[in-house]
Trainee: 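Take a look at this one; I'll ask things after.
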Amino acid sequence: MDNQAKLEFKSLPANVAFARVTVAAFASQLDFTLNDIEEIKVAVSEAVANAIIHGYDNQPDGIVTIVMTISNGTLELVVGDRGKGIANVKKALEPSSSTDPERMGLGFVFMQSFMDSLHVESAPGKGTTVTMSKSVGSSGKKEQLEH
Amino acid sequence: MDNQAKLEFKSLPANVAFARVTVAAFASQLDFTLNDIEEIKVAVSEAVANAIIHGYDNQPDGIVTIVMTISNGTLELVVGDRGKGIANVKKALEPSSSTDPERMGLGFVFMQSFMDSLHVESAPGKGTTVTMSKSVGSSGKKEQLEH
Amino acid sequence: MDCEYRQGTLFVRPRGELDIGVTDVFRKVLEENLAKNSVNHLVFNLSQVSFIDSSGLGVILGRYKRLQQQGGRVSLVGVQPQVRRILVLSGLLTVMPEYASEEEAAARAG
Amino acid sequence: MDCEYRQGTLFVRPRGELDIGVTDVFRKVLEENLAKNSVNHLVFNLSQVSFIDSSGLGVILGRYKRLQQQGGRVSLVGVQPQVRRILVLSGLLTVMPEYASEEEAAARAG
Ligand SMILES: Nc1ncnc2c1ncn2[C@@H]1O[C@H](COP(=O)(O)OP(=O)(O)O)[C@@H](O)[C@H]1O
Ligand SMILES: Nc1ncnc2c1ncn2[C@@H]1O[C@H](COP(=O)(O)OP(=O)(O)O)[C@@H](O)[C@H]1O
């Protein structure tokens, strides 16, 4: 069954947990394992935390959007903000490339590790859009390939 | 802490449970009791089920929206559809006034019983908007008044 | 959904949340079981039901009406607190007896 | 957040989900406790932590760096499976020893 939903919320730290629960509830319409759902929750936390901390510099009046789509056993998530944007996306995607000394620079690494695909589009001053997808059964396949 | 979020989803029966979990997660940012949260879940189920069954006549391509606002210890929910609308809102609000023989006509009764306020606006052919609110501590007060 | 037929009594054991996401299947399974067995007592074991709204209630009430026309009866077992409030508010608990266990419900079948 | 200081060791017992909704408080409580006690061993008891993301990890890593500069050490206790995967992926488990209990961590304080 194909499905689609969109969530919009203020850039408040408390909404990271809210976004996580919402996406997990939507994802549970597919036959993901509990482990898959935990991974999706981490990826959502990272993308939403980035929108709030980096995109909106912790200002609470920004709007973060998440478009969730289920199609053919795949969950696609598009997390968007209209914040400050990223000048060099390629560099931002590298591990430990945080622009904030108090942070680890692992957000994109986690999104990449826990989802099947990650795509980032950004324009300075305009905002950032993070597109991630994960298919049912893909974790098993991934692990098999690695062995 | 004031907060606001908006959820939009397709008019699929499976999304009633999804909407319930999402609103409950948002509501949990206030100090509601578990009982309050259960009541909010019933009210959301009724409003969303009505939008899907009555508003969109069970067609899956409609869009249901829920605007959730937290302000001064009060949760406000606005559940909207762009479906067929209600010709006589006053009559629809009466108990057992279902237009469907397979249904109980208790949806609005439950929304009214479980929330502090209920307001319905509708225009035939345009859609329906159900506005409900509930304040922290109101259930206790209500019961005290009744005794 | 788990159903068991024993000597005129149909035991039904739904699980989870009874809203419009599941009412079609719930109604269909009930109708099939009522059609293939001679049921004079329908027992809803709601001990695994954590949520119900008016759509879920509607399915129970619909089967109640059907059984009543045929001179049968409907009982409830294992109602959880949050489900009980809905049953009370709807008036369903005043027309359907509630028992502590399936055995007790069966014994009182009359 | 529950903190306990005993003979040079600070035991910290956060609960729930460690994301940016709680990291400010988490960091503040840690800094206060590290300021008022002479700590050479910091033990994070994560048995009640059900979720962590890179923001939560950042707070742990930040205290690790601080303790290391002062010649102190940081240990982990009670890491749950879903939290372990994040710790492994981040490399934190390779720099911080993990113990089965607070007692064991304290005993190995060296
Ligand atoms: N939504 C965003 N808006 C603006 N900048 C971002 C956004 N997401 C990520 N970035 C930039 O990319 C860098 C790397 O992100 P990430 O890997 O998540 O690490 P961290 O969040 O720990 O800094 C950030 O430090 C930030 O400069
Ligand atoms: N969103 C809606 N769009 C169109 N009609 C509606 C909507 N919500 C309610 N109604 C009308 O109001 C009536 C009463 O609603 P309700 O009290 O929830 O009872 P029920 O859903 O059991 O019929 C419905 O039968 C329907 O005709």
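Predicted model only: the values in this text are computed from it and were never measured. Chain letters run A, B, ... following the sequence lines, proteins first and then strands; every chain starts at 1.
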Trainee: Enter the distance from I86(D):CD1 to L106(A):CG here, rounded to the nearest 0.5 Å.
Mentor: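 It is 9.5 Å, given to the nearest 0.5 Å.
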
Trainee: Examine whether an atom of L92(D) lies under 4.5 Å from a heavy atom of chain A, and if so say whether it belongs to the side chain, the backbone or both; otherwise answer neither.
Mentor: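 It is the side chain, since no backbone atom gets that close.
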
Trainee: Please indicate whether E121(A) has more than 12 foreign heavy atoms, meaning atoms of other residues, nucleotides or ligands, lying under 6.0 Å from its CD.
Mentor: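 No, not enclosed.
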
Trainee: Return the CD1 to OG1 distance between I53(A) and T23(D), rounded to the nearest 0.5 Å.
Mentor: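 Interatomic distance, I53(A) CD1 to T23(D) OG1, rounded to 0.5 Å: 7.0 Å.
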
Trainee: Rounded to the nearest 0.5 Å, what's the gap from CZ on R103(A) to CD1 on I20(D)? Could you check?
Mentor: 7.5 Å

Trainee: Return the OG to CG distance between S45(A) and D19(D), rounded to the nearest 0.5 Å.
Mentor: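 Reported value, rounded in 0.5 Å steps: 5.5 Å.
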
Trainee: Taking L34(A), V109(A), V16(A) one by one, which has the highest count of heavy-atom pairs under 4.5 Å against chain D?
Mentor: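 Winner by heavy-atom pair count: V16(A).
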
Trainee: Determine whether more than 12 heavy atoms belonging to other residues, nucleotides or ligands lie under 6.0 Å from atom CZ of R82(A).
Mentor: no

Trainee: Do the non-hydrogen side-chain atoms of R20(A) and E17(D) ever get within less than 4.5 Å of each other?
Mentor: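 Yes - at least one pair of side-chain heavy atoms lies under 4.5 Å apart.
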
Trainee: Quick one: CE on M104(A) to OG on S54(D), what's the gap to the nearest 0.5 Å?
Mentor: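 These two atoms lie 7.5 Å from each other.
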
Trainee: Do F110(A) and D53(D) touch side chain to side chain, with heavy atoms closer than 4.5 Å?
Mentor: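 Not in contact.
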
